[in-house]
Amino acid sequence: MHWADFTAQRLKLECGENLVAASGITPSGEFHLGHIREILSAEMIHRACLDAGLDSRYIFIVDSMDPLRRVYPFLSDEYEQYIGCPLAFIPAPNPDGTPSQDGLSYAEHFLGPFLEALQQIGVFPEVIMNHQTYENGDFAVKIDSAIQNTDTIKDIIERISGRELPDDWFPYKPLGSDRSMDGVTVTGYEKPYVHWTDRHGESGSADIRKADGKLPWRIDWAARWGIHGITCEPAGKDHGAAGGSFDTGIPICKLLDSEPPAKMVYEWIQLKGSGPMSSSTGNTIGPIEALSLVPPEILRYLIAGSKMNKHIDFNTGPALFQMADEYERLVANPPSGTDEELNKRQRVARDTQNAALRLSQVKHGTNPSDSLAGVSFRHLAMLAQIKSNDDNIWKSLFESDHIFDPNPSDALIDRLSRMRNWIESVHFPDDARIVIQSELTEDARKNLDGEQMSFLINFKQAISDITWNDEQISQAIKDTVEVTQIGARQAYIAIYWAVLGQHFGPRASSLLVEIGSEKLEQLLP
RNA sequence: GGGCCUGUAGCUUAGUCAGGUAGAGCGCCGGGCUUUUAACCCGGUGGCCGUGGGUUCGAAUCCCAUCAGGCCCGCCA
């Protein structure tokens with residue numbers, strides 16, 4: 001059974017019919033593909049719950065109350081003054097890294113494009129800005145309870161995480177006079193006010209019913225589970241480590257009088273060969289960039305087709321062909337068979353794969369076969385390279401029986417457009433690139449026998465005064481084959497050696513049309 | 001130092017929770033499509049399931065140990 005369906009089943013038993021799946025991300029910088037796993041893990045469980053006839057909501061909590069931790073490389077030095085301030089209350093950066101004046105908050109700035117990317121992959125969460133939850137007072141009861149239980153919480157964190165907290169540790173961080181929570185000391189608590197003094201010598205009171213401060217992360221997380229009634233929140237493996245925030249969150253959540261979701265941890269996405277994604281090392285690919293290359297259902301399939309506890313190597317090179325073609329094959333030929341025909345393992349495989357397809361659809365509930373483009377990635381990549389005009393590609397696909405309607409489907413048009421982006425990008429793998437030689441190479445000469453050489457010489461003459469189109473070229477090849485008394489196969493091989501420097505290639509006449517007569521003559525002996 | 005995950009065919013992996021004869025895709029090889037779209041179709045090759053013990057009638061699966069790879073653990077979400 002698929003992990004999403006399995007989880008839905010488990011949630012039904014443990015939590016009943018009303019479920020809330022959640023994701024949470026700090027908008028401290030550009031979102032990257034790793035965040036897509038956070039989102040999709042939860043969203044797919046949400047869909048699986050709906051498919052199982054349960055009531056389910058999916059919420060995306062934006063950690064907008066989290067402080068700016070440091071001046072990231074893409075920020076100007078002016079951000080120094082905002083360190084420690086909630087991301088919701090500081091200005092968005094301009095492209096040059098300076099704070100902008102247009103009123104958009106830092107959190108909103110990075111969130112916007114990410115939400116657009118989510119729409120493209122069919123994810124429509126209820127977005128909750130965490131600072132608003134503070135602002136409207138929903139945290140107040142939990143904050144009060146946390147403060148009442150300061151010693152117990154401190155004990156839980158110290159015992160489970162093995163971390164030692166300072167004597168004056170307090171489970172609430174008020175904002176100081178400069179709206180930063182750095183350098184602020186709590187001096188007392190009189191419900192609902194937390195009194196403080198800050199590093200500037202100012203003092204004041206934070207109202208726990210307002211966004212005047214926040215709970216530290218480990219408590220914030222545990223509190224929000226209760227506030228939003230969250231029954232499931234898959235978390236990244238950083239939270240899942242022993243003594244991590246999931247382990248402390250569970251008892252803290254109970255202490256604050258709510259039922260925590262069960263621990264659930266997903267592995268990270270890595271870029272093949274270069275470790276985990278990190279914006280500081282530049283080893284990152286954004287959801288928008290990924291979506292310009294990869295069709296959304298295939299990006300979903302990347303997550304749906306992997307087990308949660310397996311790390312995913314995202315590779316915009318050769319592996320993308322494999323993943324895309326695997327998806328295409330599965331959609332074209334979904335696993336079938338009755339329970340009687342299959343053994344236990346085959347049934348599991350069948351159900352898991354069908355569920356992965358179901359969950360990969362951009363629009364919930366649509367038939368996977370609607371996303372069928374009808375042509376493999378590999379084949380489309382070849383066509384896109386040798387035909388600059390889209391219409392010629394549709395024509396070719398129709399004539400080769402890949403598609404049965406001369407007008408391409410929306411899915412196919414979409415595929416081609418992303419394919420062209422991919423080919424133009426640095427991510428496109430070299431060995432899939434069709435490289436036209438600039439001269440008849442030494443290597444080619446070595447591999448051509450006398451017959452083939454004379455074929456090429458005759459062929460050069462045959463094309464010297466023809467109209468440059470597919471049909472005429474094809475005819476010229478056939479005519480020359482007859483004249484030269486050479487096997488057709490050998491003739492084609494000769495052409496490929498001359499043009500591509502290898503013994504095989506895409507349909508010769510199509511290729512030659514694109515190369516042009518002038519260029520071709522340079523390549524022939 | 002503490003902990004998590006992974007190790008199955010050349011590659012990507014399913015199967016591990018509920019033990020019952022090792023599956024798939026890709027690649028590769030051969031054939032077909034009787035003059036090639038890197039397409040498509042058919043057939044075939046290929047695995048002491050990381051290693052060593054243990055439990056069991058029976059272990060990829062459970063237990064212990066061990067090796068290898070990846071990763072997480074600073075009031076940081």
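The figures that follow rest on heavy atoms only: side chains count, while hydrogens, waters and symmetry mates do not.
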(request) Among the candidates A77(B), U6(B), C72(B), find the nucleotide nearest to the side-chain atoms of Asp63(A). (result) A77(B)
(request) Consider the side chain of Phe6(A), meaning its heavy atoms from C-beta on, and name the nucleotide among A38(B), C17(B), G70(B) that approaches it most closely. (result) C17(B)
(message) Closer than 4.0 angstrom, basic N to acidic O: yes or no for Asp391(A) and Lys395(A)?
(response)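 Not counted as a salt bridge, because no side-chain N and carboxylate O are separated by less than 4.0 Å.
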[X] side-chain N/O to [N] phosphate OP1/OP2 under 4.0 Å:
X: Arg218(A); N: A77(B); result: no
X: Asn309(A); N: C4(B); result: no
X: Lys387(A); N: U37(B); result: no
X: Lys307(A); N: U13(B); result: no

(request) Round to the nearest Å and state the distance from Ile25(A) atom CD1 to A77(B) atom C1'. (result)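 It works out to 11 Å between those atoms.
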(request) Pick base, sugar-phosphate or nothing for Ile434(A), based on heavy-atom distances below 4.0 Å to the nucleic acid. (result)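 Base: the residue Ile434(A), judged by heavy atoms under 4.0 Å, touches a nucleobase.
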(request) Answer with base, sugar-phosphate or nothing: what part of the nucleic acid does Trp169(A) contact at a heavy-atom distance below 4.0 Å? (result) base
(message) I want to check something: taking the side chain as every heavy atom from C-beta on, are Leu302(A) and Leu40(A) in contact at a cut-off of under 4.5 Å?
(response) no
(request) State whether a side-chain donor-acceptor pair under 3.5 Å links Gln452(A) with Trp497(A). (result) no
(message) Can you confirm whether the side chains of Asn130(A) and Ser64(A) place a donor and an acceptor under 3.5 Å from each other?
(response) no
